[in-house]
Amino acid sequence: MAKNFSTREENYSQWYNELVVKADLAENSAVRGCMVIKPYGYAIWERMQAALDKMFKDSGHENAYFPLFIPKSFFNKEASHVKGFAKECAVVTHYRLKTSDDGKDIVVDEDAKLEEELIIRPTSETIIWDTYRKWIQSYRDLPILINQWANVVRWEMRTRLFLRTAEFLWQEGHTAHETSQEAVKETLTILDIYAKFAEEWMGVPVLKGLKSQSEKFAGAIDTYCIEALMQDGKALQAGTSHFLGQNFAKAFDVKFLSKENKLEYVWATSWGVSTRLMGALVMAHSDDKGLVLPPKLAPIQVAIIPIYKKEDQLEQISEKVKKIKILLEAKGISVKYDDRDTYKPGWKFSEYEFKGVPVRLALGPRDLENNTIEIARRDTLEKQIIPIEGIEDVIEKLLAEIQKNLYTKALSFRKNNTFSVDSWDDFKIQIEKGGFVMAHWDGTPETELKIKEETKATIRTIPLNNPQEQGNCIFTGKPSKERVVFAKAY
RNA sequence: CGGGGUAUAGCGUAGUCCGGUUAGCGCGCCUGCUUUGGGAGCAGGAGGUCGUAGGUUCGAAUCCUACUACCCCGACCA
């Protein structure tokens with residue numbers, strides 16, 4: 001584990017803020033709890049978006065867009081939903097400013113008070129279901145499989161860069177189905193997409209499972225999630241997929257005539273992942289030298305740095321690099337040739353390490369003579385000199401290997417930090433140390449709450465296909481038939 | 001909202017307890033020369049409403065009062 005990933009949170013937090021700023025990922029904005037995502041960071045997000053978007057479309061979904069503002073009354077309609085979000089809503093009350101009476105200031109024009117306040121969406125279930133009502137009459141109108149890429153606002157008490165910002169970017173899917181079974185199947189289809197994305201693109205292994213009833217989404221019947229373990233031993237919920245039952249259909253009166261000519265409520269799902277995934281990416285792989293990006297998401301996959309003394313040397317090098325660049329780009333590899341003469345090679349080496357660029361090439365006079373090139377990989381920091389001939393195949397293989405290696409490394413980290421615990425004392429000790437703690441639980445929200453109060457640990461997930469095993473609740477000693485995953489979480 | 005802390009140049013900070021020259025230092029920035037295979041060296045230079053407002057004083061970054069912002073811990077949470 002990188003030394004700055006100590007379990008002491010204050011160190012971690014300092015390192016994290018330092019890193020994301022240096023790596024040009026994001027910085028805090030002047031606006032409370034919001035963030036500016038700089039171009040390099042946004043390029044990572046764009047790659048995530050592209051991969052997810054394709055997966056959604058390949059499974060039959062379409063994109064659409066719904067309003068940012070939600071009339072306050074919409075929130076009243078689903079009781080547990082409003083309870084879950086009421087405390088973190090930004091509210092628009094006026095629509096006009098005016099110059100103050102003394103002419104010195106701009107103030108809110110009290111005459112421009114809205115009849116009904118508008119909520120800036122913290123999530124779009126309400127406005128979308130209000131719309132779906134108008135779209136759905138018959139079973140022929142179903143299913144509706146829609147995704148939206150949007151920003152949402154949740155006025156959190158305390159924010160944290162990427163993990164819990166007041167405004168964040170995300171995708172939210174909202175689907176409508178004829179039957180319960182079909183909706184549950186959709187929920188699980190999306191869960192699989194999320195898990196696949198996390199593991200195959202981000203290189204972050206995740207547990208797929210169910211949230212406990214007290215941790216589920218406000219308004220859901222069941223919340224499924226993917227749960228990842230960060231290098232500091234804390235858990236991060238990386239994505240959620242909700243089976244909403246008929247809750248929103250009933251709240252917004254969305255009915256359809258079935259094949260049997262019966263009027264029925266629609267079955268629903270919703271699901272989302274956010275820019276929090278960028279936080280997961282940073283925290284899962286980075287080391288003391290900075291970011292380590294999986295090749296599939298890295299905006300720059302290969303950085304090439306010339307080493308030269310004189311102008312004519314640079315020209316020779318540039319010529320050679322151009323050829324290499326064409327070969328690599330023909331394979332769909334993104335290449336950055338950094339021939340700035342304003343920074344020295346050592347500077348550039350550090351910079352691309354900070355930025356997590358998977359592969360770095362350096363080409364100098366010695367290489368020109370020998371027809372070789374220096375190749376360095378970010379994940380292991382290994383360097384070697386290899387012949388230029390056939391470099392494109394070597395790099396293609398190396399990128400695939402780095403992608404795989406990051407996942408393998410993260411997976412073995414998770415294995416080494418997952419513990420089965422059978423006594424309350426061991427439980428408390430292990431939770432304090434960090435990691436996933438597998439323990440028996442009597443299944444009641446009361447016990448869950450008490451455990452949370454005493455240890456700050458929450459049930460992260462009840463894994464799908466969880467092996468059944470007789471045991472006794474870690475806290476109450478009551479019988480239990482399976483272990484669940486406890487951890488301290490972000 | 002409760003508890004604790006901080007505010008001095010783009011960033012990081014010294015000075016504040018115990019008031020007293022022109023507010024000091026590092027990084028970064030600009031200019032010039034030498035450098036370039038792991039964050040260069042030397043020389044010169046620019047950059048400050050000391051968070052805001054008021055008060056005490058011959059004199060305030062320093063003492064007093066109020067306010068504001070930010071950070072950490074809790075409640076909340078993708």
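Note that the structure is a prediction, hence the values are computed from the model and not measured. Chain letters run A, B, ... following the sequence lines, proteins first and then strands; every chain starts at 1.
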Under a 3.5 Å cutoff, is there a donor and acceptor pairing between the side chains of [X] and [Y]?
| X | Y | value |
| --- | --- | --- |
| Thr123(A) | Arg121(A) | no |
| His174(A) | Ser270(A) | no |
| Thr458(A) | Glu215(A) | no |
| Thr187(A) | Ser241(A) | no |
| Ser124(A) | Glu172(A) | yes |

Expressed in whole Å, how much space separates the [atom1] atoms belonging to [N] and [M]?
| N | M | atom1 | result |
| --- | --- | --- | --- |
| A75(B) | G10(B) | C1' | 37 Å |
| A61(B) | G48(B) | C1' | 11 Å |
| U22(B) | C30(B) | C1' | 23 Å |
| G47(B) | C27(B) | C1' | 14 Å |
| G12(B) | G54(B) | P | 28 Å |
| C71(B) | G45(B) | P | 39 Å |
| G15(B) | G24(B) | P | 15 Å |
| G28(B) | C11(B) | C1' | 7 Å |

Query raised in the report: Where the side chain of Glu88(A) is concerned, which of G39(B), C76(B), G37(B) is the nearest nucleotide?
Result: C76(B)
Requested in this report: Examine the base of G74(B) for any acceptor or donor lying under 3.5 Å from a partner atom in the side chain of Lys456(A), and report the outcome as yes or no.
Outcome: no
**Report entry** Base G39(B) to side chain Glu351(A), donor-acceptor N/O within 3.5 Å cut-off
**Finding:** no
Report summary line: Separation of G39(B) atom C1' from Tyr343(A) atom OH, nearest Å, is 11 Å
Report summary line: Atom CZ of Arg377(A) and atom P of G38(B) are separated, to the nearest Å, by 21 Å
Query raised in the report: Are OP1 or OP2 of A78(B) and a side-chain N or O of Lys211(A) less than 4.0 angstrom apart?
Result: no
Query raised in the report: Is the distance from OP1 or OP2 of C76(B) to the nearest side-chain N or O of Lys87(A) less than 4.0 Å?
Result: no
Query raised in the report: If a stem is a run of at least 3 consecutive Watson-Crick or G-U pairs, both distances under 3.5 Å, which stems include RNA chain B?
Result: B:1-7 with B:68-74, B:10-13 with B:24-27, B:29-34 with B:40-45, B:51-55 with B:63-67
Report summary line: Residues at least two apart in sequence or cross-chain that pass salt bridge (charged side-chain N to carboxylate O under 4.0 Å, His left out) with Asp53(A), listed by chain then number, are Lys57(A)
Query raised in the report: Going by heavy atoms in the side chains, are Asp339(A) and Tyr308(A) under 4.5 Å from each other?
Result: no
